[in-house]
Every structure is written in structure tokens, then in C-alpha cells.
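Chain A is the first sequence line, chain B the second, and so forth, proteins listed ahead of strands; every chain is numbered from 1. Excluded from the calculations below are hydrogen atoms, water molecules and symmetry mates; all remaining heavy atoms, backbone and side chain alike, are included.
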Amino acid sequence: MTTLRAFTCDDLFKFNNINLDPLTETYGIPFYLQYLAHWPEYFIVAEAPGGELMGYIMGKAEGSVAREEWHGHVTALSVAPEFRRLGLAAKLMEMLEEISERKGGFFVDLFVRVSNQVAVNMYKQLGYSVYRTVIEYYSANNGEPDEDAYDMRKALSRDTEKKSIIPLPHPVRPEDIE
Amino acid sequence: MAARGHVQDPNDRRLRPIYDYLDNGNNKMAIQQADKLLKKHKDLHCAKVLKAIGLQRTGKQDEAFTLAQEVAILEPTDDNSLQALTILYREMHRPELVTKLYEAAVRKVPTSEEYHSHLFMAYARVGEYKKMQQAGMALYKIVPKNPYYFWSVMSLVMQAISAQDEKLSQTMFLPLAERMVEKMVKEEKIEAEAEVQLYFMILERLGKYVEALEVVQGPLGEKLTSELQSRENKCMMLYRRLERWAECNALSCKLEIVPFDPDDWQFYILYFDSLFHLIDQSWAPPQEGAHSAEGEVHASTAQAISFMKDRIATEEAKESKHLRGPYLARLELIRRLRVRSCPEAQQLGEPLELMFQFFVKFGDKPCCITDLKIFLDLLTPDQHVQFINRLMEAVPLCAPGEDGVALPGDTRALQRHLCVTQLSRSLGQQHALNTEGKLGLIKELKAHYQHGLQFGKSCLKTELQFSDMYCLMAAHVYVDLWLETGDVWGFWTPNTSSTTP
């Protein structure tokens with residue numbers, strides 16, 4: 001049982017149970033505020049009957065319409081361990097895809113660590129495929145090597161010929177991303 | 001860095017390398033190049049500013065500032081200088097200087113849309129709402145584009161929000177903002193969704209909920225497309241403020257049925273809230289016509305019970321995964337009816353039995369614990385032991401080993417066992433044990449933890465182990481013991497072979 005509502009500034013004080021997880025990035029406050037200001041419709045949180053936060057999704061829309069690159073992007077998606085295996089991530093992704101459809105996006109994409117097998121498999125099950133690999137996208141903080149990311153995509157209805165998801169034959173570097 | 005788009009004049013070409021150096025963090029070279037350029041063209045203001053940026057970035061704040069002021073004093077009106085100075089002042093955290101800059105520019109070139117825009121942004125950075133309002137209108141006079149008009153309206157709303165005197169907001173700022181928007185509505189000039197959102201925000205702050213409802217439900221409301229369920233959510237909020245419980249109730253009903261989400265907790269709560277308000281008001285449906293603008297209304301406990309039974313029946317009939325929503329809502333309704341001393345609560349079933357059924361369905365999911373915890377108060381104290389025993393019977397465990405501990409055979413059984421153990425703790429059963437009992441419990445929890453590690457052999461080191469919670473619980477019991485006896489009872493002896501991340 002889940003209440004799905006808009007994420008608010010105050011929720012930043014309540015999301016430790018979600019963010020204190022090795023694979024969840026915690027950004028600076030300005031980053032979250034920027035998303036709340038620009039794309040509030042994409043910032044959705046799930047709340048449990050007892051008031052705890054279960055998980056959230058953060059996204060945006062960007063890219064050139066002329067080049068058929070206007071798309072929805074998943075910046076962050078995380079569900080607290082005690083609320084996993086409820087299909088919540090899938091539900092949040094479904095909402096983001098619906099919003100992107102309404103905006104006329106051609107596809108939805110996201111970045112995920114190549115070692116995060118659990119997440120990669122989940123996205124594959126939701127219909128996403130690997131479009132390209134981005135070398136050293138994730139910088140490590142303590143002398144460990146930077147990690148590569150998969151750029152995974154799912155075509156939306158506007159991309160009738162599914163051109164946006166044809167995989168690139170070679171990896172790219174972070175500087176090469178638009 | 002600043003816009004280096006079109007190379008309009010030779011200066012841009014000369015300045016480009018300096019921009020590049022600054023972008024790459026090569027401040028020394030930037031300063032050097034700037035100096036070279038200034039030797040030949042000593043009045044190239046922008047070069048001075050770029051040099052100042054280089055100085056600022058190498059920590060020479062004062063020198064940078066003095067140099068910048070040499071240029072600022074001349075009240076420049078070329079794009080490059082203005083933008084470079086803006087960057088410099090922002091890096092120095094002196095946003096108020098940017099306002100001075102563009103105020104001067106606008107005085108010299110009063111028809112420049114660009115300078116007025118920048119001036120508006122400069123005021124925004126320092127929160128000068130009144131000046132923002134004026135700048136917005138000045139912009140609109142130069143170029144009558146909607147965004148400029150609404151920047152002005154928004155500035156009025158900001159003045160209302162930040163006003164020390166609430167009366168001023170209600171009697172001056174907000175009404176003025178409202179009139180400004182109404183003018184656009186009358187002239188049919190509303191274009192963007194954001195403009196409708198702003199209108200809604202103003203009406204809401206004025207407490208004009210009826211008018212706000214008209215906007216949302218009218219043609220303007222059709223622009224509210226970005227957020228999912230935007231119109232329904234806004235209507236619901238307004239019905240609550242207006243205490244229109246009939247509409248609130250009817251809308252909640254609608255929103256708990258496909259194609260909406262039968263798992264959405266907030267609308268069950270609103271359904272119950274509104275229902276009991278209606279009962280207290282002795283609401284009755286009108287003789288003719290619809291119950292309410294949103295459709296059918298439930299205003300009796302019988303209808304609520306019937307509604308809940310329908311939701312459960314729909315859920316049970318599904319072949320696909322069941323949602324927890326209707327089952328938990330049923331328990332919530334029982335609680336509410338009990339609080340109101342309604343004997344009809346019994347028609348929904350016995351909480352112990354219902355919670356047991358819930359556990360059978362959802363006990364292998366971690367959320368079962370937090371879900372059922374909320375409803376433990378529906379059990380009487382003498383039902384606690386019976387409840388835990390029944391739950392435990394439903395946990396498939398293997399035959400006990402020589403240490404007497406029966407262990408789960410797979411991760412689902414493990415999660416179920418974990419759930420029962422945690423609920424037992426919530427009911428205070430662990431606290432009720434004596435010292436010997438607690439020590440025995442710790443031993444059992446440790447055994448479960450060690451045993452459970454085998455299921456997690458393939459887990460990555462970034463994942464939690466299935467049995468981690470047992471370890472945590474054992475720690476909690478140790479703390480309980482310490483609080484009671486002051487003794488640490490071997491808390492510090494490490495669990496062997498644990499590699500808990």
C-alpha cells in the first residue's frame with residue numbers, strides 16, 4: 001500500500017533509509033533543489049502507511065526535438081531495502097515513462113554502473129536495452145578506479161521505427177555525451 | 001563560460017584564447033594573454049575583466065576587484081564585458097554588484113530586451129521582489145511576451161509570501177496579482193501550463209477555493225498535463241479545504257478503482273475521513289440527480305463495509321500479483337469503526353484472523369513487518385501470544401537440529417521467520433523474557449544468522465545479506481540486557497566468519 005506523491009524539500013530529511021545504501025548516490029542539496037524547480041512532475045516519492053518513505057524517482061526531459069533526441073531521463077531511482085520486491089521501482093519507472101510520453105519524448109534513458117547486476121537486470125525486464133557504454137562515468141572517491149556505465153534506453157511511441165535504441169558499436173567517454 | 005557563439009567583431013577573436021585558458025583552469029596564461037592584449041589595446045575592457053577573473057581564481061581577490069571596478073565605473077554596454085563582470089561578481093559572491101551593472105546598462109540602452117532580462121535575473125539573485133516586478137513589466141512593454149508579464153505576477157506573489165504583514169499580502173499583493181492574471185484570462189491570452197499553475201497558486205493563497213476549483217475543472221485546467229493526476233489531486237485538496245465531504249468521498253471512490261491505483265493509501269484515508277464526516281452531518285443523497293459533482297457518494301457504515309468487501313473481492317479474483325492496499329484498508333476501517341464504537345466492525349472479520357491471512361499472502365516480503373506493525377493495537381493483550389504462535393505455525397521450518405533450533409529451508413521461509421520474530425519484539429515479548437530467556441534468544445538469533453548466510457553466497461558485497469536482520473536483532477537484545485543488568489554479556493565477542501558489509 002503506497003501513497004505516490006510529489007517529493008518535497010522536507011522529504012530530504014526523511015530519506016536516509018533509502019539513500020544509506022552503497023549503490024545509491026546522495027547529491028548536494030542544490031542538485032535536488034534544481035530538479036524540484038525545473039522538473040517537479042518527475043520527482044515522485046512513495047510513502048508507506050506508517051509514514052516512512054519507501055523510494056523515489058528523479059528525472060528530467062532534455063535533448064533536441066529536431067534531431068529526434070528529445071527524451072526523458074532517469075537521474076535517480078532508489079527503493080529502501082525494507083520495501084523491495086513490491087514492484088515499486090517498476091511503478092515509478094512506469095510513471096516517468098508516462099510523463100515522458102505526454103511530453104512527446106522519443107525515448108527514456110538512464111545511466112547505471114556496469115557492476116550493478118541487480119539494477120541492469122531489472123531495467124532489462126522493464127524493456128530497456130544497452131545503447132552504449134560510457135567509460136569511467138562514475139568517479140570513485142578513494143583511489144579506486146573510476147567505473148564504466150551502461151547507457152540504457154527504451155523507445156517511446158513517438159519513435160515509431162525504434163531508431164533511438166539501435167546500439168552504438170563502440171563505447172564513448174563522458175565528454176562525448178551531449 | 002559566457003556566450004561565445006557568433007564571432008561578431010575582431011575583439012571576440014582576440015578574446016577567445018583567454019576564455020579558453022580560463023575554461024581549462026589555466027589562470028596564469030589567461031592573465032598573461034590578457035596583459036599582452038591590453039598592451040596593444042589598453043581600452044579593451046573585456047580583457048581587463050577576464051584578467052580580473054584570472055586573478056580572482058588565483059586568490060588575488062583585492063587586485064581582481066580593483067581592476068573590475070575600473071571597468072564597472074565606465075558603465076560598459078558591450079556584451080562581453082557585461083557577461084564577464086557578471087561571472088566575476090558571482091564568483092566573488094557579490095550578486096548585488098550585478099544589479100548595479102545592468103541598471104546602468106539599461107539606463108543607457110532602455111530598449112534592450114537583453115539588458116532588461118539580465119537586470120531581472122540580477123534582482124532575482126538578490127531577492128529584490130519589487131524591483132523584479134517592475135523589471136518584468138518594463139520587459140513586457142518592450143516585447144509583449146507572456147513570460148515577461150508572468151515574471152511580474154510571480155514577483156508579486158513572492159512579495160506576498162515574504163511580506164512581514166500578512167494583511168498586506170491578502171489585501172494588496174495577492175489581489176493585484178489576481179487581477180493581473182484575470183486580465184490575461186479575459187483577453188484569452190493564457191498560453192502555458194505554468195501560467196495556470198500560478199493562477200491556481202494565487203487563488204489558493206487567497207483562500208478562494210471555489211474559484212480555484214472552477215479554474216481546475218474548467219478549460220484552463222486542461223493545460224495541467226505535466227504532473228500525473230494533477231487535476232484530480234488539486235480537486236481533492238480543494239474539496240477537503242472546502243469541507244465538501246460528498247465530493248471528496250465520491251472522488252476517493254473513483255481513485256481507488258482501476259484505471260487508477262487500488263494500492264494508493266492516501267485515498268483510502270480520505271474515503272474514510274469523508275465518510276465519517278458525512279455520517280456525523282447526517283448527509284443524505286438528494287431526491288433527484290447525481291449525489292455530487294464527482295458521482296456516487298457513500299455516507300453510511302454499511303456502504304463503507306460493502307465498498308471494502310468489493311475491493312477485496314476484486315483483489316482476490318485477480319490472477320496476477322495481489323496488492324496490499326485493500327487488505328490494509330480493511331483493517332484501517334475496522335479500527336475506525338471500533339473507535340466510533342460501531343458493532344458493524346465485526347462484519348469485516350476478526351483482526352487476528354485477517355492479519356494472519358495477510359501474513360500468509362505477504363509474509364515473505366520485508367514490508368509485511370511495517371505493514372502489520374501499525375495494526376497490532378487491534379489485538380487485545382491476551383491475543384498476543386496466540387497471534388505469534390499462529391504466525392509461527394505458518395512458517396515452513398525444517399526439523400530442529402541438535403541445538404533445538406528449527407531453521408528455514410529457503411530465503412522466503414527465512415523472511416517469514418524474520419517477520420514473526422520482529423513482530424514478536426514489537427509486541428514486547430522479547431522484553432518480557434528474563435535474563436536466561438534473553439540469552440537463549442540471542443543464541444537462537446545468532447544461529448539463524450549464521451545459517452542464513454548460506455543463502456547469500458552469491459550476493460555482491462554491495463547487497464545486504466538475507467539474514468543480516470537477525471544480527472541486528474541480537475544486538476538489540478544485548479542492549480536490552482545491558483539496560484536491565486548493566487552487564488554486556490559477551491556483546492563484544494565477534495560473530496565468526498561474518499563479512500557483513
Side-chain angles (χ1 to χ4, degrees), chain A residues 1-7 17 20-24 37-55 57 59-61 72 79-88 90-92 94-104 113 115-121 147, chain B residues 193-194 197 224-230 233 236-237 256 260-270 320-332 358 362 364-375 411-412 415 418-419 422 458-466 468-469 501:
Chain A
M1 176 85 98
T2 307
T3 294
L4 293 158
R5 58 166 177 82
F7 192 95
N17 64 321
L20 287 175
D21 153 67
L23 290 167
T24 301
H38 266 140
W39 304 282
E41 64 273 16
Y42 273 127
F43 208 152
I44 302 168
V45 65
E47 190 179 319
E52 315 94 327
L53 300 189
M54 301 166 76
I57 190 164
K60 60 179 171 174
V79 177
E82 63 268 27
F83 294 110
R84 293 201 183 147
R85 296 181 50 230
L86 291 173
L88 187 53
K91 176 77 191 170
L92 291 168
E94 191 186 302
M95 293 172 82
L96 183 137
E97 287 163 17
E98 170 64 29
I99 297 171
S100 304
E101 281 275 7
R102 288 187 192 190
K103 290 182 188 296
R113 289 174 183 271
S115 65
N116 192 349
Q117 300 164 18
V118 176
V120 173
N121 288 334
E147 186 174 0
Chain B
E193 179 179 357
Q197 298 259 37
L224 296 170
T225 53
S226 283
E227 187 191 321
L228 296 176
Q229 271 181 232
S230 179
N233 287 343
M236 188 62 100
M237 190 249 289
E256 288 296 356
F260 294 104
D261 183 6
D263 210 31
D264 205 327
W265 182 247
Q266 58 187 321
F267 299 123
Y268 282 118
I269 299 293
L270 283 170
S320 58
K321 201 172 62 160
H322 291 169
L323 298 169
R324 295 133 55 229
Y327 302 102
L328 292 172
R330 176 169 55 180
L331 287 166
E332 177 66 21
F358 186 86
F362 302 108
D364 61 330
K365 305 250 188 288
C367 67
C368 186
I369 301 161
T370 40
D371 284 342
L372 287 179
K373 241 208 256 197
I374 315 174
F375 297 107
T411 53
R412 284 180 198 270
Q415 186 58 51
L418 208 40
C419 179
Q422 287 199 45
S458 59
C459 282
L460 304 169
K461 67 174 164 74
T462 47
E463 287 178 84
L464 293 173
Q465 285 289 334
F466 295 100
D468 274 347
M469 268 309 194

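Heavy atoms only, all atoms of each residue included: A:P81 and B:P366 are closest at O-CG, 4.0 Å. Closest non-hydrogen pair, B:R324 versus A:L86, comes out as NH1-CD1, 3.7 Å. Across every non-hydrogen atom of A:T3 and B:D264, the tightest pair is CA-OD1, 3.5 Å. In this structure, A:E98 and B:L228 approach most closely via the heavy-atom pair CG-CD2, 3.4 Å. Closest heavy-atom contact between B:S226 and A:I99: O-CG2, 3.7 Å.
The one candidate from B:I374, B:T370, B:L331 that meets the side chain to side chain contact (heavy atoms under 4.5 Å, CB included) condition with A:P49 is B:I374.
Most heavy-atom pairs under 4.5 Å with chain B: of the set A:E82, A:Q117, A:R84, A:M54, this distinction falls to A:E82.
Annotation: the span from A:R102 atom CZ to B:T225 atom OG1 amounts to 7.0 Å, rounded to 0.5 Å. Separating the NZ atom in A:K91 from the CG atom in B:D261 is a distance of 4.5 Å, to the nearest 0.5 Å.
Annotation: side chain to side chain donor-acceptor pair (under 3.5 Å) contacts of A:E41 (sequence neighbours excluded): A:K103. In this structure, the side-chain contact (heavy atoms from CB on, under 4.5 Å) partners of B:N233, at least two apart in sequence or on a different chain, are B:E227, B:Q229, B:F267.
Side chain of A:R85 to main chain of B:D364: a donor-acceptor pair is present (N/O by atom type, distance under 3.5 Å, no hydrogens or angles).
If you measure heavy-atom distances from A:E52 to chain B, the contacts under 4.5 Å come from the side chain alone.
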